[in-house]
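In what follows, every heavy atom counts, from backbone to side chain, and hydrogens, waters and symmetry copies are set aside. When a ligand or atom number is given, it counts from 1 through the structure's own listing order. Position 1 is the first residue of the sequence, and the numbers go up from there.
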Amino acid sequence: MKILIFPDAEAAARETARRIVAQLVAKPDAVLGLATGGTMEPVYAALAAAVARGDCDGRRFTSFNLDEYVGLAGDHPQSYRHYMNRHLFDAIGLPAAQARLPRGDAPDPAEEARRYEAEIAAEGGIDLQLLGIGANGHIGFNEPTSSLASRTRIKTLTRGTVEANRRFFGPDEQVPSLAITIGIGTILESREALLLATGGAKAEAVAAMVEGPLSAACPASALQMHPRATVICDEEAAARLQLRDYYETVHPGGTEPAITAPKGLERTRT
Ligand code: F6R
């Protein structure tokens, strides 16, 4: 796992967006895995601005969102479909057929989950999976004790997650407690994973994910098994990392320095 630490949330989000743009430049018809939540809002704002500047093509990729609330139709203001339209899809003009989310109001949500998993496979899998992290270590809505081999399915949200999501709902609205979420096994099959964590509320989860045991108690720790996972965080989210000095030595200022031979030990020509 690569751990990149940035001074603040804004710089961390900017770097996350830069990496998505780089992916779209390298492969304009890439398959992206996308996340919702407060952490991602500045990422999508930066990505939409990059598309508007012409830095990359925002109309050729296909995206699969991680999750959707069971029971909410796509036009519900708190549905993740609505979130994605508002924060990204409408701004960049991504054709609707390429902007995929599970249908929260599907008559048979379990069948919808299976269909969604098959749809991802039919597109050849995910090139770049963007992830946030819950304060309890969830990725997508894979709550603690989720199988690390799980596939897209219905999950019951923990009380803590429901409470954390309450801020997006009105005072009289009920926060859904079930979601369709991509599984951890599905996430691990992505060709690259990029997790963004900002703010002190995520510090404990970030430490457990990076330095704790591989355990369903912290679903994000499954990324330790991902061959190409990068964690981008700000100082606050990095605050509980024990090996922080090491990460900052390997990736000073969040950069990826070129690998060079130590001074004086360069190969001499014979
Ligand atoms: C939502 C998702 C979740 C969030 C996580 C953090 O699509 O995948 O795992 O990334 O709950 O949410 P925020 O960013 O609101 O703290």
| message | Within the 4.5 Å heavy-atom criterion, are L32 and L24 side-chain neighbours or not? | response | yes
| task | Output the list of atoms in ligand 1 that are nearer than 4.0 Å to some heavy atom of G37, sorted by atom number. | result | 14 (O), 15 (O)
| request: Show which atoms of ligand 1 fall inside a sub-4.0 Å distance from at least one heavy-atom site of G38. | output: 13 (P), 14 (O), 15 (O)
| said: Any salt bridge linking D57 with R59? Criterion: basic side-chain nitrogen under 4.0 Å from a carboxylate oxygen. | reply: no
| field | Nearest neighbour in protein (non-hydrogen) for atom 14 (O) of ligand 1 | value | T39 OG1, 2.4 Å
| query | Please state which protein non-hydrogen atom is closest to atom 4 (C) of ligand 1 and give its distance, to 0.1 Å? | reply | T36 O, 4.0 Å
| Which segment of I133 sits under 4.0 Å of ligand 1 when only heavy atoms are counted | backbone
| field | Subset of ligand 1 atoms that lie under 4.0 Å from at least one heavy atom of G140 | value | 2 (C), 3 (C), 8 (O), 9 (O)
| task | Over 60° means perpendicular and under 30° means parallel, so classify the ring planes of Y44 and Y83, tilted if in between. | result | perpendicular
| request: Determine, for E235 against R244, whether the closest basic-nitrogen to carboxylate-oxygen distance falls under 4.0 angstrom. | output: yes
| query | Any chance the rings of F168 and Y69 have centres within less than 6.0 Å? | reply | no
| Is the shortest side-chain N to carboxylate O distance from E256 to R19 below 4.0 Å? | yes
| Is it the case that S146 and H138 place a side-chain donor and acceptor less than 3.5 Å from each other? | no
| query | Side chain or backbone of L66 under 4.0 Å from ligand 1, or both, or neither, by non-hydrogen atoms? | reply | side chain
| Does D67 approach ligand 1 within less than 4.0 angstrom via side chain, backbone, both or neither, non-hydrogen atoms only? | side chain
| task | Compare K202, H138, R167 and give the one whose heavy atom is closest to atom 11 (O) of ligand 1. | result | H138
| request: Give the numbers and elements of all ligand 1 atoms closer than 4.0 Å to a heavy atom of G132. | output: 10 (O)
